[in-house]
Amino acid sequence: MPELPEVETIKSELLPCVVGQSVTQITILDAKLVSGISIEEFCRRLIGQAIKSLERRGKYLIFHLADTQSLVMHLKMSGTLLLNPQGTGHYVRAIFHFSNGIRLLFRDPRRFGVIWLVADAESLVGRLGPEVLSEKFTPRVLVQTLSKHHIPIKAALVDQSLIAGIGNMYADEALFAAKIHPLKRADTLSLEETQNIYRSIREVLRSAINSKGASVDTYVRPGGQLGTAHFNFKAAHRGGKPCPVCGTPIQRILVRNRGSYFCPKCQPGTA
DNA sequence: CTTGGGACCTGGCTGC
DNA sequence: TGCAGCCAGGTCCCAA
């Protein structure tokens, strides 16, 4: 599942291959992939454009183009970007060719991913909250944000309009590390609990970036290698398995209709 | 306005 | 073996 560490890894590994290059040819294999404009217009406006820079914002990947348009991609759950893979393989929804001969494939079995070509990327990412790893996201910001919402802390952490970048699995990992029950209401947390969550979020995400993301499902790096962050998971996707701290079986519940894993002994609480 | 839950999508896995 | 049903989940949309 591409969350912040996965998209950040993709950005870093794509960057040296595409920045400074121009798009020479595009093949769209799934008409649903491009949002807002026709395939014809998409290709006409994009072909010949040089990639000026590559940026991650939340879980969005933004290719800034020389003419100030932006090519924006969201991989959603099963999207991956592959550089010069051997063969083509299944589930490829688009192929981009670059002036240096590189081919970039958008592979996406569940077909949730979306691509936009927009004049201003802010129209898409402007509603996101502060970047979770940026200097703007301070403990004080988290305290103020959480105090305004009477919703489960797990739901608050994955709400991109509150904080940009945290997804389902890393929210579970951060709450495990902070020993907070996922259903505890955001506005009922103590200052100390919130500060623990803040530290845990940053640590979990930085560690996952160092591990090049978590290959729990379809995620692979652009070169095809797996990430290794999932080997460090203590709660996420470990239903029924022993808690690494106390041995109690990790429990799975639904929070906002999303599978949520936690240790009922280390993260006591409420419901 | 706030909060909660379903829809979208499909491959892989489990259990009868 | 075959098949129904569950599970993965980011974001949008609608209902209470």
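Owing to the predicted nature of the structure, the values given are computational and were not obtained by experimental measurement. Letters A, B, ... are given to chains in the order of the sequence lines, protein chains preceding strands, and every chain is numbered from 1.
A/Tyr60 comes within 4.0 angstrom of sugar-phosphate atoms only, judged by non-hydrogen atoms across all strands, and of no base. Within 4.0 Å of A/Lys32, counting heavy atoms only, lie sugar-phosphate atoms of the nucleic acid but no base atom. Among the atoms of the strands shown, only primed sugar atoms or phosphate atoms (P, OP1, OP2) are found under 4.0 Å from some heavy atom of A/Arg111.
In this structure, the CD atom of A/Glu6 is 16 Å from the P atom of C/dA8, given to the nearest Å. Rounded to an integer number of Å, the gap from CG of A/Leu254 to P of B/dG5 is 9 Å. If you measure from atom CD1 of A/Ile163 to atom P of C/dT11, you get 13 Å, rounded to the nearest angstrom. Distance A/Phe233 CZ to C/dA8 P: 13 Å, rounded to the nearest Å. For the pair A/Asn257 CG and C/dT11 P, the computed distance is 16 Å after rounding to whole Å. In this structure, CG of A/Leu75 is placed 17 Å from C1' of B/dT10, rounded to the nearest angstrom. As rounded to whole Å, 12 Å separates atom P of C/dG10 from atom CG of A/Leu157. Counting to the nearest Å, the C1' atom of C/dC12 and the CH2 atom of A/Trp116 are 11 Å from each other.
Remark: A/His149 is in phosphate contact with B/dT3, judged by side-chain N or O atoms under 4.0 Å from OP1 or OP2. Close to C/dT11, at under 4.0 Å from its OP1 or OP2, lies a side-chain N or O of A/Lys59. Taking side-chain N and O atoms only, A/His150 has no distance below 4.0 Å to OP1 or OP2 of B/dT2. OP1 or OP2 of C/dA8 sits under 4.0 Å from a side-chain N or O of A/Arg252.
Where A/Tyr91 and A/Ile151 meet DNA chain B, the nucleotide closest to each residue was compared, and A/Ile151 sits on the side nearer the 5' end. Of the two residues contacting DNA chain C, namely A/Arg110 and A/Leu128, the nearest-nucleotide position lying further toward the 5' end is that of A/Arg110.
You'll find that the side chain of A/Phe112 is closest to B/dC9, out of B/dG11, B/dC9, C/dT11. The nucleotide whose nearest atom lies closest to any side-chain atom of A/Asn168 is, among C/dG10, B/dG11, B/dT3, C/dG10.
One cannot find a donor-acceptor pair under 3.5 Å joining the base of B/dT10 and the side-chain atoms of A/Arg107.
Within the 4.5 Å cutoff, no side-chain heavy atoms of A/Leu175 are placed close to those of A/Phe262.
Using cut-offs of 30° and 60° on the angle between ring planes, the pair A/Phe233 and A/Tyr170 is perpendicular. Using the six-membered ring where Trp is involved, A/His74 and A/Tyr60 have ring planes that are perpendicular, over 60° apart on the 30 and 60° scheme.
Electrostatic pairing of A/Lys11 and A/Glu55 does not count as a salt bridge here, judged by no charged N lying under 4.0 Å from a carboxylate O.
Interatomic distance, A/Arg221 CZ to A/Ile10 CD1, rounded to the nearest 0.5 Å: 10.5 Å.
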